[in-house]
Amino acid sequence: MKVNAREFAALGGFLLISMGGAVPIWAADEAQAPSLPGVVAPHCPEETQQGRNRCTGLWLRTAEYHEALVYDDLKQTLDLSDRVQLAIAEEHWRAFRDLQCEAESTPFNGGSIYSQIHGTCMAQAANDRTGDLQQWGNPEISQQAAETRLQALLTQMKLTDSPAQKQWEAYRNLHCDFEANYRDDVPTQYQQCVSRLTQTRIARLEAWAAQRNP
């Protein structure tokens, strides 16, 4: 039986619940999960680094599984030309994800925490992509304001000409072209898409900056 992003899916002994905001891996505690796209990071009871690495690996597999379900659901609603455009955007997103997570984890290469850092970045990227595909986010902030904030942050972090940033810009443009063409008001939809994806990029860069400068 085919499982899509609107159904329950058993994976690794827990329930993946989709299309309702954040997706819990398991009931870690009684705290309310934040209203974010993708899969909530699990509570990891094991205090060893090996245990945290395993926990991160589980989160990554589930986040990628969920992103794939959402992607496949969307793809099935499209005609051939739109599927091709979506696939090209997906390829560029994957290239950006790999470059970004390499940049974030390289300083820890060879250390026991490397798998956790790299896996966390990959899981967060999958969640972000899920949000992009679901048109999640706040489109109210202007595109110009978002771009201004992003450029200031990139300058501060010396990332303006980084390979990951250039690849993200290519991905953003392709995805927003696809999203805008799939809607009625093309210019407005494009601007809202760019603004939304830029806000997501800002949030991840700010989190990375905090990690680099605790």
Side-chain angles (χ1 to χ4, degrees), residues 1-76 86-87 89-137 164 167-168 171 175 197 200-201 203-204 207-208 211:
M1 181 176 67
K2 180 183 181 298
V3 177
N4 64 37
R6 295 173 181 79
E7 299 171 329
F8 295 126
L11 181 65
F14 54 85
L15 286 177
L16 171 64
I17 307 174
S18 178
M19 296 301 285
V23 180
I25 290 184
W26 59 71
D29 50 41
E30 296 180 355
Q32 181 69 30
S35 181
L36 297 171
V39 177
V40 174
H43 169 66
C44 298
E46 295 187 66
E47 296 184 359
T48 65
Q49 187 59 58
Q50 185 178 21
R52 287 192 288 269
N53 290 347
R54 283 197 299 269
C55 197
T56 302
L58 178 60
W59 180 27
L60 171 58
R61 290 193 298 275
T62 313
E64 289 184 334
Y65 180 77
H66 184 227
E67 189 269 336
L69 290 178
V70 173
Y71 178 91
D72 286 343
D73 267 6
L74 175 58
K75 185 174 70 173
Q76 290 176 23
L86 178 64
E90 181 79 358
E91 289 177 3
H92 279 72
W93 169 73
R94 290 180 182 278
F96 153 69
R97 175 203 61 188
D98 293 346
L99 287 168
Q100 181 64 36
C101 293
E102 179 183 357
E104 291 192 25
S105 59
T106 292
F108 305 92
N109 196 15
S112 59
I113 199 174
Y114 173 84
S115 294
Q116 181 182 353
I117 297 296
H118 187 267
T120 295
C121 177
M122 296 282 282
Q124 289 173 337
N127 281 347
D128 289 344
R129 178 60 173 154
T130 298
D132 296 346
L133 294 169
Q134 292 177 326
Q135 283 83 69
W136 167 87
Q167 187 62 57
W168 174 81
Y171 153 64
H175 176 84
L197 268 62
T200 301
R201 178 70 170 144
R204 290 300 176 213
W208 185 23
Q211 174 187 306

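For reference, positions follow the sequence shown, starting with 1.
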Can you tell me how far apart [atom1] ([X]) and [atom2] ([Y]) are? Round to the nearest 0.5 Å.
X	Y	atom1	atom2	result
T106	H118	OG1	NE2	8.0 Å
M122	C101	CE	SG	5.5 Å
R54	S115	CZ	OG	11.5 Å
N53	I117	CG	CD1	9.5 Å
Q116	C44	CD	SG	7.5 Å
R204	Q100	CZ	CD	10.5 Å

Using side-chain contact (heavy atoms from CB on, under 4.5 Å), reason through R201 and F96 one step at a time and then give a plain yes or no. CA-CA 11 Å; R201 178 70 170 144; F96 153 69; 3.6 Å; yes
| said: For the CD atom on Q49, are there more than 12 heavy atoms of other groups (residues, nucleotides or ligands in this structure) within a distance under 6.0 Å? | reply: yes
### Query
Is any side-chain heavy atom of W93 closer than 4.5 Å to a side-chain heavy atom of D128?
no
ask   = Do D132 side-chain atoms and L197 backbone N/O form a donor-acceptor pair below 3.5 Å?
value = no
T120 backbone acceptor or donor facing W59 side chain under 3.5 Å:
no
* **Step-by-step side-chain contact (heavy atoms from CB on, under 4.5 Å) determination, N127 to E67** => CA-CA 7 Å; N127 281 347; E67 189 269 336; over 6 Å; no
The side chain to side chain donor-acceptor pair (under 3.5 Å) partner of Y171 among R129, H92, R94, E90 is R129
Query raised in the report: Taking atom types as modelled, is there a side-chain donor on Q76 or D72 under 3.5 Å from an acceptor on the other?
Result: no
Exercise for the section: For the pair L133 and D73, evaluate side-chain contact (heavy atoms from CB on, under 4.5 Å) and give the outcome as yes or no after the intermediate values. Expected result: CA-CA 10 Å; L133 294 169; D73 267 6; over 6 Å; no
For P42 and C55 the tightest heavy-atom approach is CG-SG, 3.5 Å
Salt bridge (Lys or Arg N to Asp or Glu O under 4.0 Å) filter on E64, not counting sequence neighbours, yields R97
